[in-house]
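Heads up: the structure comes next, in structure tokens.
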Amino acid sequence: MDTAAGPAVQMSGIVKDFPGVRALDGAGLRLEPGEVHALLGENGAGKSTLIKVLTGVHRPDAGSIAIGGRPVAIAGPQDAERHGIATVYQEVNLCPNLSVAENILLGREPRGPFGISPRRMNRRAAELAAETGLDLDPARALGEYPIAVQQLVAILRAVDLDARVLVLDEPTSSLDRDEVRILFDLVERLRSRGVAILFVTHFLDQVYELCGRMTVLRNGRPVGTFTTDELDQRGLVGLMLGEQAGELDRVEGRAHGGAPPADAPPLLRARALGRKGGIAPYDLDVAPGSIVGLAGLLGSGRTEAVRLLFGADRPDSGSVEVDGRPVPLRTPRAPIAAGLAYCPEDRKAEGLVAGLSVADNLLLAMQAARGWMRPVPRRARAELVERYISALRIRPSAPDTPVGALSGGNQQKVLLGRWLIMRPRLLILDEPTRGIDVGAKAEVQRLVAAEAEEGTAVLFVSSELEEVLRLSHRVVVLRDRRVVAGLDNGGGLDVDGVLDEIAEGGAR
Amino acid sequence: MAAQTRRLVWPLLVLAGLLAANAVATPGFFAVSVKGGRLYGSLVDILHFGAPLMLIALGMTVVIALRGIDLSVGAVVAVSGALACEIIVAAGDDGSAGTVAAAVAAALALSVLLGLWNGFLAAVLRIQPIVATLILMVAGRGLAQLITDGQITTVTSEPYRRIAGGGLAAVPFTVLMAAVTVLVMWLALRRTALGLFVEAVGGNAEAARLAGIRATGLAVAAYAFCGLCAGLAGIIISANTGSADGNKAGLWIELDAILAVVIGGTLLTGGRFSIAGTVLGAVIVQTLSTTVYTMGVPPESALVFKAVVVFVVSLLQSPRFRAQVAAPFRRGGPPTPARGPQGPAPEEEDDAMRTQTGAGRPDRREARR
Ligand SMILES: Nc1ncnc2c1ncn2[C@@H]1O[C@H](COP(=O)(O)OP(=O)(O)OP(=O)(O)O)[C@@H](O)[C@H]1O
Ligand SMILES: [Mg+2]
């Protein structure tokens, strides 16, 4: 690797067409060595596509790329790595069946006298993890870790590449505060080494904390490049969303709807519900119309707790009642029939069927509940699909687009739509706003609040404490796989208060 | 739908090519005549002799769409034929319609049972489908031998022979059976939500389960249906030859069936299927066998000939091959197949999302350079 003469990366006039959509239309950006540069835009603006053009996954239909001042044609992801570009993609794409160490070092395995040396590999991986303050067992299969950890492993892989350009496509969407800190420290270290870092995120606070300059895309076209000093957050949102920006104000500062009727009998009552290795037995009541937030660190058991309620995993103790009637939890079918709905956190593995259309994915749960003998009538189907596509602003809005071709945020909206269509009585949302843009996030939060006002109970898992606090009537805190506190969010509860519970709730 | 039709274009062209070659080699290849109230001609023969393959391929389509596979169909063919013939012979080979009906019913019931067994192993116990059905592939032949006592059982029962030899309004029963099965499948899968469920479970079983679909039950039913199809094929085959041969009946037919399904555009990775494609695929495979025969390809090179045609069809269906061929006509040169250890699959593979672990290891040598 020679010392770069020009900008680390210069992309200009990039055009990329997919069948039926022009994803990029003259987009470009310039990355200088030693800067952290944000790439911003709403869902489907073309951020991931621009990155995939840079890393050779997609071949541009027009435009040029120069690295270190020299024009290059990048042939594929491996070629990009040879050019010193390391990438963490939005959809984590590692091999869950291989060990952590293998995933980090795949293709660059340290060798001993007898070929690849697993011992050295594990040692190197452990070093890397320790350097960055991560607690990882390099010999364990990656798939055994939650996605957030997998994402950090993907980043470790990129770090170990010794790259001069590091591309991070929404790396923080599944991380909690501590991991975000770990990541930021990493980024800062790399930046001071002269690495150019391209950072895609929908968390605008993080942009202003970390980045010097930012490039904004809208509908695949460049809107401009700005320094964080010359453009404030409000102005930025205006540029990203275009004419719809005004609508944001309506929902922005909104707290949760009024308090739920205090004397209402609980809709859902869980008693001593638990599963070994997942979550210690816990009790939970959720009243109709109330929003209960689940807060805790990664691996604190939030996801495990809600999966039991839905029959996604089979509990080995305890029971669940809806309206006082016990619900069998062998499969999700009985909970669904009782009015429960569950949006899992890993939309790719557990949520969507990538090869099926947006319409089929939206209607899957409803169709499953009706049974195979009674297909949703064509007219009702078209009407429902149309209504939810426009309510959730799913784009592209053609109902027969395969879901796999949608941008990450739009996929999330499809998953949410699938369950909203069911008009559930208890909506369980695991990280529902992960990866969706500021406009859509406000939209989802508004939808959740509106559902609750109409009497739907909501159980809400989020790594974003502000979001939990803004929406929830009650916050349940988990720590080390047990429920440690239930806090009323009547007022007076703030992020620090919840953080305290998260940190020491179990100790008392 | 448009995309579905487009995928059928290449197999259609291949079939047209095969038929054209036959027409050149055999004058009167397209001639169809009615003799003694029955249709005759090479085309009719292809459909008639291809009916068992088509039935099996139809059953296999659903199993493959659910990301499974059934290697045991050939063995089930043997078992079903053996049981039917043995019952008829035991009843004195009198050939009464009642005996034949009972024999057929028993054979089909046993075939469904064998299919359920496959489904139990593959879907309930989650044994890998290849291994799970390999068990019956081997054991089934043994079972057929047991039923026939190691002999080749021959039947002369007139009603039984008529299952393969008879017809309705000049159309052979065999062709009718295949046609009815196609129709029933199409109605069941495309006119209800069953087809959607199959594609959902095949595309992402866990997501389907969490959406409330009975993924396991669906898979078990698919294997049972596949068993039923194989059983029916077994009856046709044994009625055709008037015998049950536990060793030879349905030998290698599972491979032809899988081939037919794949040629028809159903993905082995599950999640998408095409009934019309499978029908077309089965006709192509059968036409191939007929072609080898009518063109006088020497038997020792027949398999090679068949392999070449299959190779060509597969090439034509490979997105990467098509891109390579098309590349000189486009700007930008050929696409690059390199796939990084953590990079998403290159764009020409539209199933990148589905094969998330299938990326395989990158070329180590290249990566270390
Ligand atoms: N493989 C593909 N096939 C067809 N269309 C695609 C494909 N990948 C992306 N698109 C389309 O290109 C556009 C840009 O998508 P992209 O993933 O780049 O958006 P994004 O800015 O990363 O959005 P998000 O914030 O939601 O991740 C979208 O309209 C998307 O539907
Ligand atoms: Mg993206």
Side-chain angles (χ1 to χ4, degrees), chain A residues 18 52 55-61 75-82 87-89 91-97 103 106-109 154 157 310 312 331-333 336-337 342 344 348-356 360 363-365 367-376 402 404-405 418, chain B residues 1-3 188-189 191-197 199-216 218 267 269-272 331-333 335-347 350-354 356-364 366-369:
Chain A
F18 290 114
K52 287 180 185 169
T55 59
V57 175
H58 292 324
R59 176 162 290 270
D61 295 307
Q78 292 211 331
D79 196 33
E81 287 194 353
R82 274 195 294 274
T87 315
V88 178
Y89 294 98
E91 308 290 344
V92 180
N93 217 323
L94 301 172
C95 309
N97 49 332
N103 269 294
L106 196 63
R108 290 165 288 122
E109 296 89 347
R157 174 179 171 79
F310 188 69
T331 75
R333 288 180 59 84
I336 291 173
Y342 168 57
K348 182 174 158 189
E350 301 176 341
L352 298 167
V353 185
L356 288 183
D360 285 341
L363 288 171
L364 201 58
Q367 187 58 68
R370 290 172 64 101
W372 65 275
M373 295 283 278
R374 294 170 52 228
V376 182
R418 173 191 295 170
Chain B
M1 272 303 125
L189 288 168
R191 295 267 105 177
T192 73
L194 214 50
L196 174 67
F197 290 0
E199 289 181 330
V201 173
N204 187 341
E206 180 61 7
R209 187 181 75 90
L210 291 182
I213 294 174
R214 286 197 192 88
T216 308
L218 194 64
L267 296 175
T269 44
R272 193 164 75 198
R331 252 173 324 130
T336 26
R339 192 194 282 205
Q342 60 163 357
E347 60 186 279
D350 54 355
D351 304 302
M353 301 242 350
R354 219 176 284 140
Q356 57 160 338
T357 58
R361 293 189 162 222
D363 186 327
R364 285 153 196 280
E366 210 165 72
R368 250 182 310 114
R369 226 187 276 141

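Throughout, protein chains are lettered first and strands after them, A, B, ... in sequence-line order, and every chain is numbered starting at 1.
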#### Entry: Region of A/A312 in contact with chain B, defined by heavy-atom distances below 4.5 Å
both
### Task
Please name all residues satisfying ring-ring contact (aromatic ring centres under 6.0 Å, His included) with A/F310, sequence neighbours left out, ordered by chain then number.
A/Y342, A/W419
### Message
Between A/L364 and A/L352, is there a side-chain heavy-atom distance shorter than 4.5 Å?
### Response
no
### Message
Here's a test for you: under side-chain contact (heavy atoms from CB on, under 4.5 Å), which of B/I213, B/T216, B/L196 qualifies with B/V201?
### Response
B/I213
#### Entry: Side chain / backbone / both / neither for A/R418 at chain B, heavy atoms under 4.5 Å
side chain
### Message
Report which part of A/I336 has an atom under 4.5 Å of a heavy atom belonging to chain B: side chain, backbone, both, or neither.
### Response
side chain
### Message
Which residue in the set B/L218, B/L189, B/L194 passes side-chain contact (heavy atoms from CB on, under 4.5 Å) when paired with A/W372?
### Response
B/L194
### Message
For A/P402, which atoms come within 4.5 Å of any heavy atom of chain B: side chain, backbone, both, or neither?
### Response
neither
### Query
If you tally heavy-atom pairs under 4.5 Å against chain A, which of B/A205, B/A208, B/A207 wins?
B/A207
### Task
List for me each residue that meets side-chain hydrogen bond (donor to acceptor under 3.5 Å, both in side chains) alongside B/R209, sequence neighbours excluded, and say none if there are none.
B/E206
